[in-house]
Structure formats: structure tokens, C-alpha cells
Amino acid sequence: MRTADLTGLPEGIPEALHDEGIEELYPPQDEAVEAGLTDGESLVAAVPTASGKTLVAELAMLSSVARGGKALYIVPLRALASEKKAEFERWEEYGIDVGVSTGNYESSGEWLSSRDIIVATSEKVDSLVRNNAAWMDQLSCVVADEVHLVNDRHRGPTLEVTLAKLRQLNPSLQVVALSATVGNAGEVADWLDASLVHSDWRPIDLKMGVHYGNAITFDDGSQREVPVGKGDRQTPALVADALEGDGDDDQGSSLVFVNSRRNAESAARRMAGVTEQYITGDERSELAELAAEIRDVSDTETSEDLAKAVAKGAAFHHAGLASEHRTLVEDAFRDRLIKCICATPTLAAGVNTPSRRVVVRDWQRYDGDYGGMKPLDVLEVHQMMGRAGRPGLDPYGEAVLLSKDADSRDELFERYIWADAEDVHSKLAAEPALRTHLLATVASGFAHTREGLLEFLDQTLYATQTDDPGRLEQVTDRVLDYLEVNGFIEFEDQTIRATPVGHTVSRLYLDPMSAAEIIDGLRWAADHRTEKLRALEGETTSTSRSAESEPDTTAGFQRASDMVAAAGDEEGGDSAGDDSDFESDRTYPTTLGLYHLVCRTPDMYQLYLKSGDRDTYTELCYEREPEFLGRVPSEYEDVAFEDWLSALKTARLLEDWSDEVDEDRITERYGVGPGDIRGKVETAEWLLGAAERLASELDLESVYAVREAKMRVQYGVNEELLDLAGVRGVGRKRARRLYEAGVESRADLREAGKSRILAALRGRRKTAENILEAAGRKDPSMDEIDESDAPDDAVPDDTGFETAKERSDQQASLGDFE
DNA sequence: ACTGTGTTCTTCTAGACAGCATGTC
DNA sequence: CTAGAAGAACACAGT
């Protein structure tokens with residue numbers, strides 16, 4: 001079918017498609033339209049990546065909007081949300097408004113109700129449903145991208161439940177599910193009452209093969225000679241070969257998939273030696289600029305290593321990178337500046353980065369539960385291989401697996417090249433999944449009885465797949481029991497109701513188990529407050545940081561210790577008995593205690609204990625025993641002790657971060673990348689926010705301590721900098737510099753001498769002006785201000801509460817400010 | 001003394017969603 | 001039982 005003949009789309013769109021060069025629909029797209037895609041019919045499209053799935057989605061959404069509806073596009077990753085948004089925004093000139101909603105980003109401007117197309121992650125959609133977002137019932141079309149993720153143990157159930165809820169809200173909803181080619185796409189289609197388009201067609205040919213000896217053998221029987229130099233260097237040979245091209249061909253980029261971060265980094269280092277020989281003079285200087293940008297992102301070893309590789313035209317890519325790093329690398333690869341990326345599976349599922357050649361170097365990955373190296377799923381390998389072939393650049397894409405002997409070559413053909421992808425299976429019956437979703441289902445009124453819940457669950461993929469409905473019932477009963485025991489729901493005859501806390505937990509998007517842990521911890525703290533404060537007071541260890549000085553901080557910001565008197569006659573303080581008048585300047589619970597509390601929650605992904613860590617953190621555990629909220633498990637008897645230590649390690653990372661320890665040092669100390677720090681901090685921020693909310697709802701005096709802990713991770717600063725760091729344009733480093741220069745608060749920013757401020761900001765006039773403006777200064781202009789006019793006493797020594805060591809720590813961390 | 005090469009031993013392991021509420025003198 | 005690569009540490013031979 002020709003795009004010009006499409007009907008039911010908003011005016012001008014068929015012509016616009018034509019102008020984009022899309023004159024004819026691809027066969028699978030054609031099939032989709034035949035199946036009623038533009039008439040509001042539901043559809044499951046199981047087709048390879050890059051075979052025009054997005055257009056299928058667009059046709060459905062646009063026609064739905066043309067009929068006066070509203071469309072939702074569900075993505076699995078935040079990064080994909082912004083990618084899709086950018087793509088859909090080209091319809092804005094035809095009157096289509098696009099909005100995004102993810103945890104960390106929401107479209108500016110009008111509220112989402114006014115948008116025609118909304119892009120969101122599945123969790124965000126779930127959350128919006130829980131919070132009864134106003135526009136939910138206006139939806140007429142929902143697109144679920146990468147629907148095969150229902151197979152995912154952790155995140156699959158969310159997608160599944162969310163789709164079920166959306167369909168229950170609007171039974172005539174058009175559901176368009178986009179999936180990779182999976183074994184049982186038909187089952188998914190049955191579940192969604194949708195027709196199925198199943199196809200292996202792709203616009204660019206994909207040749208899959210195995211490299212063994214001195215040649216690649218492809219699935220079409222052809223061979224390509226790729227001699228390997230001595231020393232078993234298959235990957236470099238393949239990367240070099242792709243760059244040689246076929247003469248008239250364009251230089252070919254390569255994507256190399258490996259199974260660990262370390263392997264990605266070391267492979268990139270080696271590939272840099274190859275790509276280096278194929279870059280032109282112009283490219284070299286562009287790459288040098290890019291390398292400088294990368295160094296700018298973060299001042300860590302990871303960043304430095306990446307910059308070094310990039311300068312030579314190669315890069316690595318994994319979740320330890322800061323997201324800015326990832327974007328820089330992905331963009332430069334798409335612009336053909338970077339010739340080779342060595343990546344962990346992040347890249348296979350992430351944003352679109354097509355490549356001439358894909359090398360799947362490692363097809364096994366360590367799996368602790370499995371007990372060794374586990375072969376990757378066919379689906380996963382297919383997704384990696386599907387990245388081969390750049391539209392408009394390559395005549396075909398090549399995906400190559402590596403083997404060292406003839407046997408494994410045959411095995412690889414068998415296992416991955418000739419094989420169909422596995423079936424997807426709902427993971428909904430797992431207890432952790434049901435814990436959250438049953439509570440949410442009750443709390444947001446989708447069901448009020450046990451039978452109602454089971455009826456609702458009957459609309460999920462799990463129900464269409466299972467032949468043992470009893471199992472779901474069993475787990476449901478166990479979970480309901482758990483939820484009742486923990487006070488999140490209550491039974492009244494046959495009806496189930498969410499308690500007020502239950503409602504809050506559901507809306508906060510917490511795993512009920514996390515909420516229970518947090519509530520227990522905070523209550524425990526209330527009960528043991530005096531006793532623990534005494535213990536802490538008796539100590540003179542180096543941990544007394546939070547016991548200092550007057551808070552000259554934000555208005556309305558109260559110390560927990562200020563609350564003691566007020567709390568004296570309240571419930572929370574009572575259990576401490578007659579001791580409630582115990583005086584202390586110390587904040588309780590401490591930040592470490594709170595960080596540990598949220599770190600041992602199932603919503604936090606903990607750091608691994610490496611060799612030696614066990615001893616280090618066991619020692620730390622005894623040292624700071626009074627700070628922990630709840631009983632400390634026994635080192636010798638408790639199996640949970642390991643986990644508890646991992647949580648402690650994670651909590652320590654957060655403590656370092658909020659003690660202004662330099663990023664570089666943190667990455668080194670904990671063996672993580674800059675991206676990991678950001679991730680942990682973000683999660684902690686969210687969980688502490690939730691804890692704050694719970695504490696205030698349960699009338700626990702620890703709200704203020706929790707709030708302080710949250711703000712300190714959020715900005716990554718000590719308490720005295722909280723006010724400054726709240727100013728836009730002032731981060732942890734600038735805040736510390738300003739403070740050291742005697743500018744200690746937002747008010748000081750408005751009043752202090754400009755030359756002093758300018759000097760503290762290293763003479764950056766523009767940033768100084770922006771900051772002053774953000775702080776609300778009337779005359780932010782830095783014209784004619786000379787930083788050298790700053791008075792000599794620019795660094796008043798009023799930070800006496802710090803130990804000498806901490807101080808030098810901080811200064812070391814500031815030395816590299818830039 | 002320095003350097004290159006081979007051998008053994010230790011170490012370590014992918015990814016990433018979510019709340020809330022907006023600001024100022 | 002259901003791992004294997006990287007890199008450090010070490011040993012040794014050649015110059």
C-alpha cells in the first residue's frame with residue numbers, strides 16, 4: 001500500500017510521510033493496516049528491530065487522535081522516552097502535541113491532559129493509574145513497545161498489570177503491542193484480543209554468521225575471509241576488517257558485545273589500537289574535542305579511560321557510565337565519528353545505535369543463581385545482532401558470533417542463528433510482584449474482594465498462559481495475608497480495603513516490603529531514641545559530624561533535636577519512658593542509620609561485597625552499632641548478615657557522597673562508575689522521600705531527620721551547605737567554595753561582596769551572574785567586578801567542628817574544581 | 001640491570017523503573 | 001556439581 005492512500009489520519013500526514021521519502025509501506029506495516037490498525041483495531045506486531053515498528057505505532061496513534069482520542073506510548077526505558085518524543089514531535093506542525101512523563105522528567109508547559117500523544121515508562125503509567133490521573137479515561141490508543149519484556153522477572157508484571165488496568169478502564173481501548181519476534185506472539189495476541197502480525201522481514205538484510213579460524217561463515221552459505229593474526233585476536237581482526245570495507249563501500253563501524261564491564265573497557269582499549277589507524281586528520285581533532293567533553297562530564301578514572309579510547313575512535317559503553325557519557329558516545333557513533341563500541345547488553349536494549357557489523361564476543365554470562373556461566377537467551381542475542389545494518393549506509397548488516405573450534409561453531413549456529421527466540425512467560429505469580437500490584441489494585445479501587453482480585457488477575461497474560469489457576473490463588477492468599485499483617489489492608493467481612501498507610505504506600509510506588517521495613521525502622525528508632533542517643537553521646541569517634549553547630553539553615557527546617565520537647569507528650573516519644581527529657585544536640589536517627597535503612601529495602605539495588613569488604617564492613621558495623629535502626633543480625637548465626645553488610649556498604653557510599661567526598665574517590669573506594677553513584681543517589685532520594693512521607697503520616701518525630709538526610713544525598717553536601725546548594729546553578733563543589741569564602745547562605749549570596757563571590761567561583765563571570773540571579777539578587781551583573789579585590793580573609797576559619805582529616809579530605813576534593 | 005616472555009594464581013562478574021512539589025523579598 | 005577471562009605476580013631467559 002502507498003502511504004498516500006492511507007485513510008483516517010490527520011490532514012496532511014500522508015503527504016508528509018511521502019515527503020519524508022516513505023512512499024510505500026513495508027510488508028509488515030501493510031499487513032498491520034490491513035488488520036485494521038488505522039481503524040482502532042488492536043494488534044500485536046512481532047517483527048525484528050528496525051523493521052518499521054515505529055511507523056506502525058504512529059499510524060495507530062495518529063489515526064486515533066484524528067478520531068478525537070488520545071494516545072499513550074509505553075516504553076521500557078527513560079532514554080527511549082525522550083528518543084520517541086523527539087521522533088513524534090515532527091507531527092507538531094500538524095497540530096499533534098507530544099508530552100513525556102517519566103520519574104525524572106515531565107514535559108514542561110501545560111499538563112499532560114492537553115497532549116495528544118504521551119510517552120511514558122510502564123512504571124510511570126502504573127503510577128499514574130494508581131493516582132487516578134485525569135486523562136487516563138480519555139485514552140483511546142495505547143502502544144506498548146518491547147512487549148516481550150513481560151517476560152522480565154522484575155519489571156514484566158508491571159507492564160502486564162498496567163495493560164490489564166488500562167483495558168479495564170476502557171474496554172474499547174485499542175492496544176498496539178510491539179514485540180521482538182518471540183516464540184509465542186500468538187499467545188500475547190490472544191491475551192490482548194488482538195490480531196497478530198508476525199514477520200521476519202527487514203528493510204536491510206541481516207547476514208548472521210560465526211567466525212572461526214580465518215573466516216566468517218554466514219547463514220546464507222557465503223564466507224568472508226578474515227584472517228586472524230597470531231595470538232588469537234578475533235575481535236580486532238573483525239573490527240579492522242569492517243573498517244577496510246569492500247572498497248567502494250563506506251567504512252564500517254562495529255559494535256562488540258561482551259559480558260562484563262571490565263571486559264568492555266579492556267576490549268575498548270584494544271580496539272582503540274585498531275580504529276586509530278583508520279581515522280582521518282579531521283576526525284582526529286573532532287575526537288579530541290569529544291574526549292575533552294567526556295573528561296568534562298566527570299572527574300573519574302572511568303571518564304578518563306573512556307576519553308582516552310574515544311580520542312582514538314573507540315569507546316566502551318555500560319551502566320557505570322554517567323548518562324551524559326552514554327549520550328555522547330551513542331551520538332558520536334551514529335555520526336560515524338566513533339568507529340567501534342564495546343558494550344555490555346545495555347546497548348542492545350537501549351536507544352537506536354545501528355552498526356555495520358555486530359560482534360557478539362561473549363555469549364555466556366556469569367549467573368550466581370545458576371552457578372556458573374549461563375548462555376544468553378536467544379532473544380537477547382537476536383536483539384544484539386539486530387543492531388547490524390545502518391539504514392541508508394549499509395547494503396546489509398553483518399552479525400558475527402565467535403568460536404574457537406569447529407564444534408562450538410556448529411553449536412552457535414544451532415543455538416542462536418537457526419534458533420527461534422524463546423517463548424515469553426508471565427512472571428506475575430511471583431510473590432514480590434503480587435505484593436505491589438495487589439495492594440495497588442485494592443488501593444485504586446479495581447477490586448474490593450478476594451474474588452474481585454482473582455477476577456482482575458484473570459485478565460492478565462498469566463491467566464491465559466497458566467494451566468494451574470490454583471497457584472495464583474495460593475500466592476494471592478499469602479500476599480493478602482502479608483499485606484494485612486503489615487497493616488496495609490484490612491478485611492471487613494468480604495470486602496478488602498486499603499488502610500490510609502496502604503494507600504500512601506501504593507501511591508508512593510513503594511514495594512510494600514520496603515515500606516514495612518522503613519516503618520519498622522522508624523518506629524524502632526522512636527522506641528530506642530534515648531538509649532541510642534546516650535550511646536552515641538558517650539562516643540568520641542569521628543562520626544560526630546552531625547552533632548555540631550546551630551542550623552543557620554533554611555527557614556522552616558527544623559532539627560529533630562528541636563522536636564524533643566514538642567514530642568514529649570506525644571505518642572512517639574512515650575515509649576522511651578521517663579527519659580524523654582534527655583537532652584542532646586545530636587540528630588537522631590543519624591544519616592547513616594537512615595541510609596542503611598533504605599539500603600536494606602528491596603527497592604534498593606545493593607553493592608556487591610568484594611574480597612576484604614566483609615572484614616571492613618563487619619568492623620564498621622560494630623563501630624557504628626548505635627546508629628542502625630533495628631536489631632543488627634548476628635555475624636555468626638544470621639544468614640542475613642551478608643545482605644546487611646552489602647546494605648551497609650551501599651549506605652557508606654551515600655554517606656561519603658553527602659560528606660562531599662570527591663566523586664573520583666568514591667568510584668575508587670567502592671569499585672563503581674560515576675553512573676552507579678548517580679543511580680544509588682537517585683534511588684536513595686526517592687526512598688528517603690517516601691520515608692519522609694511515611695514518617696509524617698505516622699506522626700513520627702524522625703521526619704525532620706529523614707528530610708535532612710534526603711536533602712543531603714540529593715545535593716551531596718554536608719548540612720551547612722544545604723541552603724546554598726538549593727540555589728540553582730550551585731552544586732556541591734561550588735557551594736563548598738562559596739562557603740569557604742565566607743558566603744554561607746542564600747542570604748549571603750544576595751548581600752556579600754561581589755568580588756568575593758567572583759573569586760570563590762574562580763572568576764567565572766557568567767556563572768556568577770546566573771547564580772546571583774537564581775539567589776534573587778537584585779543586581780546580579782558582574783561587570784567591572786574584579787575578583788582580585790576580594791578581601792584576604794576570604795576563608796574564615798569558622799568550620800571548627802570538622803576534624804582536620806575531614807577538612808583536608810574536602811579540600812582535596814575541591815582542588816580539581818573546574 | 002633491564003626487558004621481554006611464559007606461567008600460575010587470584011579476583012570478579014549486566015541492567016535500572018519509581019514520589020513529591022515547585023521556587024523569590 | 002554448574003565458569004572463565006583479565007590482570008597481577010612471579011619466574012626465567014636473553015641482551
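Note that the coordinates shown come from a computational prediction; the quantities given were computed from them, not determined experimentally. No hydrogens, no waters, no symmetry mates; every other heavy atom, side chains included, goes into these values. Every chain is numbered from 1, with letters handed out A, B, ... down the list of sequences.
Within 4.0 Å of R270(A), counting heavy atoms only, lie sugar-phosphate atoms of the nucleic acid but no base atom. At a threshold of 4.0 angstrom between heavy atoms, the contacts of N259(A) are confined to the sugar-phosphate backbone, with no base atom among them. Using a 4.0 Å heavy-atom criterion, one finds that K610(A) contacts the sugar-phosphate atoms exclusively. Counting non-hydrogen atoms under 4.0 angstrom, L510(A) reaches nothing in the nucleic acid. As judged by a 4.0 angstrom heavy-atom cut-off over every strand, H318(A) is placed among residues touching the sugar-phosphate backbone only. Residue R678(A) is classed as having no contact, given no heavy-atom separation below 4.0 Å to the nucleic acid. Looking at heavy-atom distances under 4.0 Å, E682(A) makes no contact with the nucleic acid at all. Using a 4.0 Å heavy-atom distance criterion, G689(A) is classed as a base contact. Within 4.0 Å (heavy atoms only), T102(A) reaches sugar-phosphate atoms of the nucleic acid but no base atom. Across all strands shown, D367(A) has no heavy atoms under 4.0 Å from either base or sugar-phosphate atoms. Counting any heavy atom pair closer than 4.0 Å across all strands shown, K778(A) reaches no nucleic acid atom.
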Inset, instruction - Please lay out, stage by stage, how E146(A) and L159(A) fare under the test side-chain contact (heavy atoms from CB on, under 4.5 Å). - result: CA-CA 10 Å; E146(A) 315 280 355; L159(A) 180 57; over 6 Å; no

Legend entry - Stepwise salt bridge (charged side-chain N to carboxylate O under 4.0 Å, His left out) check, R261(A) with D676(A): CA-CA 12 Å; R261(A) 292 178 178 189; D676(A) 299 303; 2.7 Å; yes

Legend entry - salt bridge (charged side-chain N to carboxylate O under 4.0 Å, His left out) evaluation trace for D369(A) with K374(A): CA-CA 10 Å; D369(A) 301 328; K374(A) 187 181 178 186; over 6 Å; no

Legend entry - Nucleotide-level pairing of DNA chain B, given in dot-bracket where Watson-Crick and G-U pairs need both distances under 3.5 Å and | marks other strands: |||||||||||||............

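Between M373(A) and E123(A), the residue anchored nearer the 5' end of DNA chain B, judged by the nucleotide with its closest heavy atom, is M373(A). The nearest heavy atom of DNA chain B to R326(A) and to R262(A) marks one nucleotide each, and the one closer to the 5' end goes with R262(A).
S303(A) and H325(A) form a side-chain donor-acceptor contact under 3.5 Å, judged by distance and modelled atom types alone. In this model, a donor atom of one side chain and an acceptor atom of the other lie less than 3.5 Å apart for N104(A) and T102(A). Between the side chains of D126(A) and Y509(A), at least one donor-acceptor pair of N or O atoms lies under 3.5 Å. Checking D145(A) against Y73(A) by side-chain atom types alone, a donor-acceptor pair falls below 3.5 Å.
Note on E380(A) versus R365(A): salt bridge recorded, some NZ/NE/NH1/NH2 to OD/OE distance being below 4.0 Å.
Interatomic distance, S658(A) OG to M711(A) CE, rounded to the nearest 0.5 Å: 12.5 Å. Annotation: the span from L461(A) atom CG to N151(A) atom CG amounts to 9.5 Å, rounded to 0.5 Å.
Atom name C1', nucleotides dA16(B) and dA5(C): the rounded distance is 26 Å, in whole Å. Distance check on atom P: dG4(C) versus dC17(B) gives 32 Å, rounded to whole Å.
Inter-residue side-chain proximity for L522(A) and V706(A) is flagged as met; some heavy-atom pair is nearer than 4.5 Å.
For the segment residues 359-366 of chain A, residues with any heavy atom less than 4.0 angstrom from an atom of DNA chain B are, sorted by number, R365(A), Y366(A).
Of all nucleotides in DNA chain B, those with any atom nearer than 4.0 Å to a heavy atom of chain A start and finish, going 5' to 3', at dC12(B) to dC25(B).
For the side chain to side chain contact (heavy atoms under 4.5 Å, CB included) test with W686(A), the passing option among V681(A), D603(A), L508(A) is D603(A); the others fail.
One interatomic measurement links the two molecules: CG of L402(A) to C1' of dA5(C), which rounds to 14 Å at whole-angstrom precision.
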